[in-house]
Protein chains: 2
Amino acid sequence: MEPAYPQPLVMVDTALFTIRDERLRLILTRRKEPPFEGLLALPGGFVHAQEDADAEAAARRVIRGKIGFDAPYLEQLFTFSGVARDPRGWSVSVVYYALIPWSLLERNPSAEAFPVDGLPPLPFDHQQIVAKAVERLRGKATYSSLPAFLLPVEFTMNDLHRIYEQTIGTRLDKASFRHKILELDIIEEIPNRFRTGAHRPAQLYRLSSKVLTPFERKI
Amino acid sequence: MEPAYPQPLVMVDTALFTIRDERLRLILTRRKEPPFEGLLALPGGFVHAQEDADAEAAARRVIRGKIGFDAPYLEQLFTFSGVARDPRGWSVSVVYYALIPWSLLERNPSAEAFPVDGLPPLPFDHQQIVAKAVERLRGKATYSSLPAFLLPVEFTMNDLHRIYEQTIGTRLDKASFRHKILELDIIEEIPNRFRTGAHRPAQLYRLSSKVLTPFERKI
DNA sequence: CAGACTTATTTGTTTTTTACAAATAACAAA
DNA sequence: TTTGTTATTTGTAAAAAACAAATAAGTCTG
């Protein structure tokens with residue numbers, strides 16, 4: 001009882017988030033092949049039965065090819081499908097989004113990061129994909145440890161506070177934020193480690209060892 | 001630059017939730033064809049380029065075929081893929097979940113609803129799909145109007161309260177629940193309509209006219 | 001028809017959380 | 001030593017939630 005119907009092209013696309021200069025950004029890549037050769041677009045590729053166990057493995061392969069390593073946080077976003085989204089015809093794209101600290105990217109010249117609120121025009125339905133990815137990230141940021149995955153392993157309370165404000169897009173009370181985040185036990189002090197500057201040194205923190213995967217509770 | 005690779009089978013599966021006898025249930029269908037002919041499974045089918053604009057349209061088609069009308073609430077859940085999930089080979093399944101009041105189903109003899117915590121063994125990776133669907137539903141129930149879509153258009157505050165408790169799985173304070181739900185403005189009184197019984201009549205409510213799509217704020 | 005009974009709805013109080021405002025701490029540079 | 005600047009803590013007010021119980025509105029029973 002095999003279907004006699006033609007099957008669509010199956011691909012993956014990725015929305016790779018990072019934060020640089022206090023702004024939430026996406027990594028775009030310049031397309032080397034038609035269609036839309038030369039344009040900036042989300043990194044993506046076909047799912048290959050030989051190389052990939054599944055769509056997530058394909059996404060990881062695409063990301064490794066782009067930035068050279070695995071993303072600290074990766075999650076399936078949504079699957080886009082239809083005949084109109086790709087000029088080559090009927091297609092299905094399983095889209096993943098990932099969070100990557102800028103510190104891991106800055107020495108990679110192929111990783112160009114564009115502010116999410118000032119992206120160039122994007123081909124295919126990538127505009128729509130980006131909108132959905134940003135919406136998901138903002139939504140989850142409110143009640144999880146997700147934003148912490150945009151930071152390097154060591155960070156101060158203020159770093160974390162700013163990252164949350166940027167991804168959520170609203171102001172958060174300093175004292176309350178501190179309270180809640182510590183209560184949730186998602187981060188821990190690094191003993192005797194401080195960031196020094198021209199001012200009072202700031203305690204350095206890291207993600208709590210139990211929290212490898214994001215914590216879903218209200219921030 | 002067409003890919004020379006074989007493309008997988010692309011299908012949709014659906015997790016159709018309802019509540020009957022105070023229990024959260026899923027609609028299963030008996031498979032009429034191999035593989036797993038005769039077994040109970042999630043309703044599903046292939047995505048057909050000719051009939052469906054996209055995967056969501058295919059899901060709606062499957063649901064209409066199963067229950068005879070569109071589901072009041074439909075959302076994409078997740079896409080499952082791989083070579084092992086279907087004995088026919090490499091496949092991709094875009095899974096949707098839907099919420100349907102039992103009152104719309106009870107006269108449909110083909111709609112058999114099984115409690116989610118007492119399902120028969122399911123073929124393919126449907127066990128895994130169900131787990132993810134339940135998780136999503138429970139997660140969203142906490143901070144949205146989702147559970148209201150499991151009720152008929154007219155319901156009492158107690159109906160709603162019970163539905164929330166059942167989908168979330170925890171006890172909720174009656175007074176607080178009432179407060180919050182009314183504050184959120186997702187439901188409205190139906191003037192002069194009450195459910196009468198052997199006791200004090202209960203005010204009837206309906207989803208607020210603005211809320212056609214679920215409201216995402218903390219309950 | 002007067003309770004008794006049962007469910008609906010409201011009220012009050014306590015506890016917890018959050019917001020807002022300000023004080024204190026720790027350092028570097030002047 | 002004083003000033004500047006950021007980090008961290010503290011205190012108080014306001015809001016939300018949990019808990020407990022009273023009141024309301026009907027039906028049913030004797």
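Here the structure is a predicted model, which means the values were calculated and not measured. Sequence lines set the chain letters: A, B, ... in the order given, protein chains first and strands last, and positions in each chain run from 1.
- B:Q76 is linked by a side-chain hydrogen bond (donor to acceptor under 3.5 Å, both in side chains) to B:Y96, counting only residues two or more places apart in sequence or in another chain.
- Here the side chains of A:L137 and A:L99 are in contact, with some heavy-atom distance below 4.5 Å.
- Listed candidates were D:dT10, C:dT9, C:dA19. Nearest to the side chain of A:S176 is C:dA19.
- Partner of A:M11 under the side-chain contact (heavy atoms from CB on, under 4.5 Å) criterion, chosen from A:V92, A:D86, A:V95, A:V94: A:D86.
- The distance between atom NZ of B:K174 and atom P of C:dT9, rounded to the nearest whole Å, is 9 Å.
- If you take CZ of A:F177 and P of D:dT10, they are 19 Å apart, rounded to a whole angstrom.
- Side-chain N/O atoms of B:D185 and B:S208 include no donor and acceptor closer than 3.5 Å.
- The CG-C1' distance, from B:L204 to C:dT9, rounds to 15 Å in whole Å.
- If you take NE2 of A:H179 and P of C:dC20, they are 17 Å apart, rounded to a whole angstrom.
- Rounding to whole angstrom units, CZ of residue A:R178 and P of C:dT17 are separated by 19 Å.
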remark   = Whether each nucleotide of nucleotides 25-30 of chain C has a protein heavy atom under 4.0 Å at its base (B), only at its sugar-phosphate (S) or at neither (-) is summarised, 5' to 3', as BBBS--
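- Distance CG (B:D173) to C1' (C:dT15): 13 Å, rounded to an integer number of Å.
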Distance-only donor-acceptor pairs under 3.5 Å for side chains of residues 147-154 of chain A, two or more places apart:
from   : atom 1 : to     : atom 2 : distance (Å)
A:E154 : OE1    : A:R193 : NH2    : 2.5
A:E154 : OE2    : A:R193 : NE     : 3.4
A:E154 : OE2    : A:R193 : NH2    : 3.3

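- One interatomic measurement links the two molecules: CD of B:Q203 to P of D:dA25, which rounds to 13 Å at whole-angstrom precision.
- Atom C1' of nucleotide C:dT9 and atom CD1 of B:I181 are separated by 16 Å, given to the nearest angstrom.
- Environment of CG in B:D117: crowded, with over 12 heavy atoms of neighbouring residues, nucleotides or ligands closer than 6.0 Å.
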